[in-house]
Protein chains: 2
Amino acid sequence: MHAEQPVRSGRAKRLPRAVRERQIMDAAVDVFSRLGFHAASMDEISEVAGISKPMLYAYLGSKEELFATCIRREATRMMEAISEGVEAEAPPDVQLWSGLRAFFGFVGANRAGWQVLHRQASSQGGPFAAELADMRGRAISLVAALLVHSSDFANVPRAGDKEAESLAAALVGAGESLADWWLDNPAEPAGVVAARLMNLVWMGFGDLVAGEVWHPPSRRTEYAAEDA
Amino acid sequence: MHAEQPVRSGRAKRLPRAVRERQIMDAAVDVFSRLGFHAASMDEISEVAGISKPMLYAYLGSKEELFATCIRREATRMMEAISEGVEAEAPPDVQLWSGLRAFFGFVGANRAGWQVLHRQASSQGGPFAAELADMRGRAISLVAALLVHSSDFANVPRAGDKEAESLAAALVGAGESLADWWLDNPAEPAGVVAARLMNLVWMGFGDLVAGEVWHPPSRRTEYAAEDA
DNA sequence: GGGTAAGCCTACTGGTGAGTAGGTAAGGCG
DNA sequence: CGCCTTACCTACTCACCAGTAGGCTTACCC
């Protein structure tokens with residue numbers, strides 16, 4: 001599961017700073033995700049990273065700085081993964097579907113990162129939660145914009161910006177929570193989990209905007225552009 | 001927000017054990033919710049409770065025992081609140097609606113308790129998470145049974161037990177997550193948050209079982225029992 | 001009133017973990 | 001080759017916190 005490089009013994013090989021920093025960050029995400037911020041010790045992180053504690057302090061600063069850096073890195077990675085996954089020119093439901101797939105794909109390929117990001121960051125107080133709230137806000141805006149566009153699309157005079165934002169918050173929340181649940185029940189593949197949420201949610205949103213039932217793109221004829 | 005009794009100075013007044021235990025539990029939930037399990041110190045809990053540390057150990061055992069007891073107490077309280085809130089003889093959608101209202105009502109009236117229950121318990125590992133998973137499992141079964149019944153009700157040959165359980169998990173997850181979100185954005189009343197989730201979710205489920213759109217009971221004539 | 005048990009305390013120990021002081025090897029460059 | 005910068009280390013300090021030893025005081029009951 002968490003396959004960092006083996007524990008060192010003796011002096012570590014000389015490596016350029018950028019490489020070491022990457023190793024340290026990977027180790028930190030791993031340890032923070034397993035133990036939580038407080039229970040994780042700088043000693044353990046340095047051990048997993050294969051270096052000594054002073055190196056850790058020299059490169060990444062205090063424990064809190066290190067944690068904040070982890071959060072920022074994982075948040076950025078995730079937002080990038082989603083941005084790249086979304087099919088921006090597709091109809092709204094397909095945009096949402098591709099976004100969900102990208103999201104669950106990221107979480108599945110990056111469980112430790114997600115754990116740090118969501119569970120740990122939100123249960124610590126202060127600036128960490130703020131960092132998270134920021135990313136969450138961006139995600140919500142994204143979904144809200146999608147919803148507004150989608151009701152324009154269907155010519156329905158519903159869904160003011162406020163309403164859309166609330167619904168987006170609920171959807172983002174549902175996604176986060178389902179991802180958490182998935183971490184504890186990892187039997188199913190990402191696509192199935194994503195499809196479940198899509199089904200649950202879009203059929204609701206579908207009623208809001210058009211009263212329709214949603215099917216995955218591959219079963220539709222009028223949108224068979226990309227399939228893969 | 002967390003209005004425990006003021007900090008003592010000197011010797012505390014003599015009180016029967018049961019009362020002290022209650023005070024200690026309240027203090028513990030308060031402190032755990034604010035700081036998290038690890039960052040919370042027994043010193044601070046005893047101070048908030050208005051007694052000294054050895055009393056704490058004499059009555060509630062170790063820090064871990066205390067935490068587990070908190071989780072159990074809050075979990076029990078919550079399940080009771082929901083059980084009492086659900087209108088068991090009502091149609092499925094109204095059952096769900098009343099359950100959601102009871103849930104968000106409990107969270108709103110008991111924020112610290114919810115925080116301990118959900119955020120803290122799930123981010124600690126081991127027996128705590130297990131305790132939580134147990135309660136969650138009961139909640140999911142409850143919702144799943146409701147869904148199965150609801151599709152019987154609509155004479156739709158859909159929603160096998162497995163499918164129902166997945167959907168129930170997603171719904172419970174969405175509820176938990178929306179509750180978390182609400183803690184961070186406490187501007188709205190419980191009813192509004194509950195209604196939002198009901199709307200989002202039932203209109204999805206409604207399609208699953210009957211293709212219908214949901215309205216709150218007060219707008220319907222055939223089920224205008226309570227309003228408040 | 002006197003015994004005694006329940007309620008309460010101050011004041012410690014031991015362990016753990018954040019952060020640092022001060023020093024050693026290794027590669028590059030004149 | 002010798003110098004110096006960068007990478008790296010061992011071995012500490014200091015604070016904080018879980019858990020405890022041992023003793024004081026109040027209420028109740030005979």
Side-chain angles (χ1 to χ4, degrees), chain A residues 5-28 30-32 34-70 120 124-128, chain B residues 5-28 30-32 34-70 120 124-128:
Chain A
Q5 42 271 78
V7 182
R8 84 216 161 86
S9 62
R11 206 175 188 84
K13 215 182 115 194
R14 247 177 118 94
L15 285 178
R17 173 163 185 158
V19 176
R20 275 284 180 244
E21 278 186 353
R22 239 196 78 118
Q23 286 180 0
I24 294 175
M25 294 287 294
D26 291 344
D30 175 53
V31 174
F32 280 135
R34 289 197 333 260
L35 304 178
F37 173 72
H38 226 95
S41 77
M42 297 296 262
D43 287 277
E44 176 151 5
I45 292 173
S46 67
E47 195 176 335
V48 171
I51 50 139
S52 69
K53 204 151 51 123
M55 290 298 304
L56 214 175
Y57 279 90
Y59 284 171
L60 275 310
S62 73
K63 187 182 185 183
E64 261 147 32
E65 286 176 71
L66 174 60
F67 188 57
T69 308
C70 287
Q120 299 309 331
Q124 299 322 111
F128 306 137
Chain B
Q5 42 270 81
V7 182
R8 82 212 161 88
S9 63
R11 207 175 188 82
K13 215 181 114 190
R14 247 176 119 93
L15 286 179
R17 174 165 184 156
V19 176
R20 274 284 182 245
E21 278 186 353
R22 238 197 78 122
Q23 286 180 359
I24 294 174
M25 294 287 294
D26 291 343
D30 175 54
V31 174
F32 281 135
R34 289 195 335 257
L35 305 178
F37 173 73
H38 226 95
S41 77
M42 296 297 261
D43 286 278
E44 175 151 5
I45 292 173
S46 66
E47 195 176 336
V48 171
I51 49 135
S52 69
K53 205 154 47 128
M55 291 298 304
L56 213 174
Y57 279 90
Y59 284 170
L60 276 311
S62 73
K63 188 182 185 182
E64 262 148 32
E65 287 175 71
L66 174 61
F67 189 56
T69 307
C70 287
Q120 300 308 330
Q124 299 324 112
F128 306 137

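Just so it is clear: chains get the letters A, B, ... in the order the sequence lines come, proteins before strands, and each one is counted from 1.
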- Message: Side-chain N or O of B:Arg20 versus OP1/OP2 of C:dA6: is the shortest distance under 4.0 Å?
- Response: no
- Contacts of A:Arg14 meeting salt bridge (charged side-chain N to carboxylate O under 4.0 Å, His left out) (sequence neighbours excluded), chain-then-number -> none
- Item | For B:Glu64, salt bridge (charged side-chain N to carboxylate O under 4.0 Å, His left out) partners two or more places apart | none
- Please check if atom CZ in A:Arg22 has more than 12 non-hydrogen atoms from other residues, nucleotides or ligands closer than 6.0 Å. no
- Apply the test side chain to side chain contact (heavy atoms under 4.5 Å, CB included) to residues B:Glu47 and B:Asp43: give CA-CA distance (whole Å), side-chain angles for both, the deciding distance (0.1 Å), then the verdict. CA-CA 6 Å; B:Glu47 195 176 336; B:Asp43 286 278; 5.9 Å; no
Rounded to whole angstroms, how far apart are [atom1] on [X] and [atom2] on [N]?
X: B:Glu21; N: C:dC8; atom1: CD; atom2: C1'; result: 15 Å
X: B:Leu15; N: C:dC9; atom1: CG; atom2: C1'; result: 15 Å
X: A:Met55; N: C:dA21; atom1: CE; atom2: C1'; result: 16 Å
X: B:Leu56; N: C:dC9; atom1: CG; atom2: C1'; result: 14 Å

- Nucleotide by nucleotide, nucleotides 17-30 of chain D touches protein heavy atoms under 4.0 Å in the pattern (B base, S sugar-phosphate only, - none) -BBBB--BBB----
- Item | B:Phe37 six-ring centre to B:Lys63 NZ/CZ under 6.0 Å and within 45° of normal | yes
- Locate the shortest heavy-atom distance separating B:Leu56 from B:Met42; write the atom from each residue and the value. CD1-O, 3.5 Å
